[in-house]
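Worksheet for the structure shown next.
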Number of protein chains: 2
Amino acid sequence: MQNVQDKLLIFEDFLKKRQLRRSRQRTIIMEEFFKNDHHISVEQLLLRSRKRDARIGFATVYRTLKLLVASGLAHERDFNTGRKLYENAELGENHDHLVCLKCGAVKEFRSHDINAAQSSIAKSHDFKIVSYRHELYGFCKSCKKIN
Amino acid sequence: MQNVQDKLLIFEDFLKKRQLRRSRQRTIIMEEFFKNDHHISVEQLLLRSRKRDARIGFATVYRTLKLLVASGLAHERDFNTGRKLYENAELGENHDHLVCLKCGAVKEFRSHDINAAQSSIAKSHDFKIVSYRHELYGFCKSCKKIN
DNA sequence: TTTCTTGCAAAAGCTTTGCACACCG
DNA sequence: CGGTGTGCAAAGCTTTTGCAAGAAA
């Protein structure tokens, strides 16, 4: 698990390699992004960033998130809610999600069995896996009781 | 595996139960939809339907697809291509997809191991699964050679 | 007739882009 | 300075909706 400082260094390195600049806005946006543990929407990130600089615009947040995704520090997620969410990536490790249809809660999980099955499927189809998406939709512990 | 006739009957039954009408447009659109084996976009379905009635509009196709999804005869899929695809559902059976990042080909597969792992995960999180989404992104047999 | 459906166009939402100005190095 | 980055507003896309006219029951 990397801390925020490590991530900032990685991002700066990424920018340098691409001859991109480290601007005040990019720094604010990435710091606010990395403060967040899990998933954040563009709008939420904009609102947080605007607390530190009210003039930051939507476009800059979108553009910065693109860079964070390209650098591997963020993952783009879409849980069929109409808007994308961005996730603080931990060393590019793939993981799966449980998504509650009632309260919207998202929980991560990892499963060796699933990863093993994926590899075997890929092998039998002569398919090279680059990434995957695995989401279980249903009702979480608390919402199950009510529903 | 149901044939087209069965599906039309199921759809008509669905409409009747909801006191909805069987219009000329709905009939055309659903017939064209069921002619298709796998995934089709709204635009493709509109174009096919317009061959039989040039006046059919986008809105009607969207509205009819909503009904097909509600009736359980179609599934809505989103492979991160910016537009949704609709899939001819076979008895509501859940299945998984291999999506080629180069040529866009989509291949279905089923895996008992994956389904078993999903159940066990759900149990341990006290989560009730309603549906799931599982897509492996990468390169198919032919595109793997070139890439 | 009465109610549902359609087609058109406009509206919605989210995301991207063009452009003039500002800023980094 | 030269080239990037930013903010704003406008444009792009897909999907949804309002409404008057048309069709089904």
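Keep in mind that this is a model prediction, so the values were computed, not measured. Protein chains get the first letters and strands the later ones, always in sequence-line order, with residue 1 at the start of each.
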Between A/D53 and B/K84, who's closer to the 5' end of DNA chain D by nearest nucleotide? A/D53

Who are the salt bridge (Lys or Arg N to Asp or Glu O under 4.0 Å) partners of [X], not counting sequence neighbours?
{"X": "A/R63", "answer": "none"}
{"X": "A/R50", "answer": "none"}
{"X": "B/D13", "answer": "B/K17"}
{"X": "A/D113", "answer": "none"}

Rounded to whole angstrom units, what separation is found between the [atom1] atom of [X] and the [atom2] atom of [N]?
{"X": "B/L45", "N": "D/dT14", "atom1": "CG", "atom2": "C1'", "result": "15 Å"}
{"X": "A/L15", "N": "D/dT4", "atom1": "CG", "atom2": "C1'", "result": "12 Å"}
{"X": "B/Q44", "N": "D/dT15", "atom1": "CD", "atom2": "C1'", "result": "17 Å"}
{"X": "B/R83", "N": "D/dT16", "atom1": "CZ", "atom2": "P", "result": "14 Å"}
{"X": "A/I56", "N": "D/dC8", "atom1": "CD1", "atom2": "C1'", "result": "15 Å"}
{"X": "A/L67", "N": "D/dT6", "atom1": "CG", "atom2": "C1'", "result": "13 Å"}

If the cut-off is 4.0 Å, is A/R55 near the phosphate of D/dG7, judged by side-chain N/O to OP1 or OP2? no

Which part of the nucleic acid does A/K66 contact within heavy-atom distance under 4.0 Å: base, sugar-phosphate only, or nothing? sugar-phosphate

Tell me every residue that passes ring pair (Phe, Tyr, Trp, His ring centres under 6.0 Å) with B/F79, counting only those two or more places apart in sequence or in another chain. B/H39, B/H97

By side chain to side chain contact (heavy atoms under 4.5 Å, CB included), which residues pair with B/E32, not counting sequence neighbours? B/I28, B/K35, B/L45, B/R48, B/S49, B/R52

Non-neighbouring partners of A/F14 that pass side chain to side chain contact (heavy atoms under 4.5 Å, CB included), sequence neighbours left out: A/F11, A/R18, A/L67, A/A70, A/S71

Protein-nucleotides 20-25 of chain D N/O pairs under 3.5 Å:
unit_1, atom_1, unit_2, atom_2, d
D/dA24, N3, B/R21, NH1, 3.0

Within residues 58-65 of chain A: residues closer than 4.0 Å to DNA chain C (heavy atoms): A/A59, A/Y62, A/R63

Please find the pair of heavy atoms, one from B/L15 and one from B/R22, that lie closest to each other, and give the distance. CD1-CA, 4.1 Å

Tell me if a side-chain donor or acceptor on B/S124 pairs with a main-chain N or O of B/I121 at a distance below 3.5 Å. yes

All pairs passing ring pair (Phe, Tyr, Trp, His ring centres under 6.0 Å) where residues 112-135 of chain A contributes a residue, at least two apart: A/H134-B/H134

Extract, from 5' to 3' on DNA chain C, the first and final nucleotides lying under 4.0 angstrom from some heavy atom of chain B. C/dT3 to C/dC8

Walking DNA chain C from its 5' end, the first of B/Q19 and B/R50 to be reached, judged by nearest nucleotide, is B/Q19

Who else is in the cluster with A/L9 when I, L, V, M, F, W and Y are joined by side-chain contacts under 4.5 Å? none

